[in-house]
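Accompanying notes for the structure given below.
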Protein chains: 2
Amino acid sequence: MDLPAARLAKQGIRAVAARAGVSTASVSRALNNPDAVSPSLRARIAQAIEAVGYIPHAPARILSSRRSRTLGAIVPTIDNTMFARGIASLQKYLSSVGYMLFLTTSGYDLDVELQQARNLIGRGVDGLVLRGDCHHEGLRKLLADNAVPFINVGIYQPDRPYPCVGTNNEAAAHRAATHVIELGHRRIGIVSALQRNNDRASARVAGFRRALTEAGLALPSQWHVEVPYTLDDAREAARYLLSLEDRPTAVVCGNDVIAYGVLLEAERSGFSVPRDLSVVGFDDLDWSRHLRPSLTTIHVPTGETWQRAGEYLVRSLAGEHTIMHHEVDYSLVVRESTAPPSNP
Amino acid sequence: MDLPAARLAKQGIRAVAARAGVSTASVSRALNNPDAVSPSLRARIAQAIEAVGYIPHAPARILSSRRSRTLGAIVPTIDNTMFARGIASLQKYLSSVGYMLFLTTSGYDLDVELQQARNLIGRGVDGLVLRGDCHHEGLRKLLADNAVPFINVGIYQPDRPYPCVGTNNEAAAHRAATHVIELGHRRIGIVSALQRNNDRASARVAGFRRALTEAGLALPSQWHVEVPYTLDDAREAARYLLSLEDRPTAVVCGNDVIAYGVLLEAERSGFSVPRDLSVVGFDDLDWSRHLRPSLTTIHVPTGETWQRAGEYLVRSLAGEHTIMHHEVDYSLVVRESTAPPSNP
DNA sequence: GCTTAGAATGTAACCGTTTTCAGAAAGGCG
DNA sequence: CGCCTTTCTGAAAACGGTTACATTCTAAGC
């Protein structure tokens, strides 16, 4: 009757402590640092936890310990295979090291991104994973003021004083364009993704342009079209390019979805790929090798990229010193959609 | 020097209170219930917040108020267009009503799902969005014990005592199969997704089978193949079906990815769709109407479904009484991939 | 047997909010 | 002008953990 364990505390760590006949400190230790508690106590506590059905209250834990073992991530959209894959890898890695991921989306809006960052910081995340280095000017200050470590993923900028991990999009795009140039193409069009607030898209365009320039080729403005991330828009762009009197014999695209749209439209318009038109994509999505013709593209190891971003932050948080700028390799995958021009 | 506002409190709500020369209670009220505080104070506080760069600490808030304005969601994988779209819609809706979403993935593993639920509950989520009704047997008890409202999304089961929102997959699949039956097909194969821990896939298979049975058609076991969610596996299945001596003249598929694989393989194997083989998909992904031939499929309004799930929980949490079982319409979209059999 | 270092455990003060309760200020009314 | 509502505001007790510090126990060393 006077069993002290029965004294109040219907739930929480105190209930567990009461049931096991120990102090809350021991329960906490058994949970966070098992070696600091004797095996017998540990067992008794484990049993009490089981019996009570105790679930530690993360917010209280975060409040008290000032860290959450949670990372935040802000991506433009989750509705894009590349980001979805990246996030999936990141999440998988984080859960393997006992971290969680708090994901939000910005829709390519820098103000929204800033607000989300504020949200996540308020949430107590230990670090932040950001897409690219194109942010609201207030973001850096926000992160610095709150001492939140972060990393820009999906780009490679060794000259910047901020950590990043990703492929060198400019170089990769340059490689892609060089491929069609080496095949003998002289009239090369570009269908890029929207460059606004998207440094990845911009870097790719820059790479395409540099390759053309270096080869002494012109890029008439009408040969560069910018489109949203949809098949319809890509097709419309292709229709336009193919309707030009002086139409290009090759098109380099900002991503595989665009390239697929170009492929589809070329076919519908009676052009044969690669005979009448060479097409190069970027990203190497799952289905790109299945297309007919299969798509020549740049392979980017997205999963690895995002996982490395997680590794960087987790290691930093553990006090390890890690390399700040990590370049992830890309590779040109030559398939059926590119060939020398039929009448050079 | 003796300015009371300058007394300690370098951060947090106390810093704001000190700076504005008010109590923390007033700051809290100004934030959570602005009408409860006089306009003049409100202004002074707002200014102090701005000046200090104050970001409310969500964990402390959750701890104190016992609610988080956060919902948890557990999906099998984010790396599937349908789920990505659904989550995107849900997230968009939630943020429009001031809620956040905590997303985790289970990889179709019921134990993992249970653990994630525990995680999320520990995190203090106000409600849980679950995919389907195929869960670990301990999950329901966990939810009940912790009084966490939840909803099963993507299925429709009016007979169950749990809330759900989604399309009736069985009926939709029945409709799809009926379509090819009405076209005159008698030999109909099924390439379904993996049914293990996936009631959506199972319901679709059930619908297909019922349609066949009702039409008095046989379904030899070799005409039903189950494959993972990849083009390669779908193609392998198609290759197998088309190699059978007594091959089907139509194939109904568990989803559009599978259907696309079947389309690709049929073409490579020298079969013409729909002349030699009719193909029906399920989901109506973005690119399905762009395929050549374009894909006959079942359109499912995923975004709407997930948003409604969010609405249900948000309303329930607000104390409103909402309908427990919500059916979301599907529709058969007939395109080029289906036609009457050439030699019936 | 007596110290005493070291390990195991307990006590209680935080962490940053919300919220109850009570007091103060401001109107309204006889 | 005093009294009673009504409206604002403040003081302080939670919320459920962690952890610095104090205390108790154990066993080794002499």
Practice task
Using atom CZ of B/Arg14 as one end and atom P of D/dA13 as the other, report the distance to the nearest whole Å.
Solution key: 13 Å
Exercise for the section: Report the distance from atom CD1 of B/Ile13 to atom C1' of C/dT19, rounded to the nearest whole Å. Expected result: 12 Å
Handout entry: Distance below 4.0 Å between B/Arg42 side-chain N/O and D/dT9 OP1 or OP2
Key = no
Handout entry: Euclidean distance, atom CZ of residue B/Arg29 to atom P of D/dA11 [Å, nearest integer]
Key = 11 Å
Exercise for the section: Would you kindly give the CG-to-P distance between B/Leu63 and C/dT18, to the nearest whole Å? Expected result: 11 Å
Problem - side-chain N/O B/Ser64 vs D/dC15 OP1/OP2, d < 4.0 Å - result: no
Handout entry: B/Arg61 versus B/Asn32, side-chain donor and acceptor atoms under 3.5 Å
Key = yes
Practice task
Rounded off to whole Å, could you give me the CZ-to-P distance for the A/Arg66 and C/dC14 pair?
Solution key: 12 Å
Practice task
Counting heavy atoms from C-beta on, name the nucleotide in C/dT18, D/dT9, C/dT17 closest to the side chain of B/Tyr54.
Solution key: C/dT17
Problem - Any donor-acceptor N or O pair under 3.5 Å, side chains A/Thr70, B/Arg123 - result: yes
Handout entry: Reference residue B/Tyr162; test side chain to side chain donor-acceptor pair (under 3.5 Å); the match among B/His135, B/His325, B/Gln157, B/Arg140
Key = B/Arg140
Problem - Below 4.0 Å: OP1/OP2 of C/dG10 and any side-chain N or O of A/Ser23 - result: yes
Problem - Among D/dC8, C/dG10, C/dT9, the one nearest A/Ser38 by side-chain distance - result: C/dT9
Exercise for the section: Would you indicate, yes or no, if C/dT19 has its OP1 or OP2 atom less than 4.0 angstrom from a side-chain nitrogen or oxygen of B/Arg67? Expected result: yes
Handout entry: Under 4.0 angstrom between A/Ser26 side-chain N/O and C/dG10 OP1 or OP2
Key = yes
Problem - Spacing between A/His57 atom NE2 and D/dC15 atom P, to the nearest angstrom - result: 12 Å
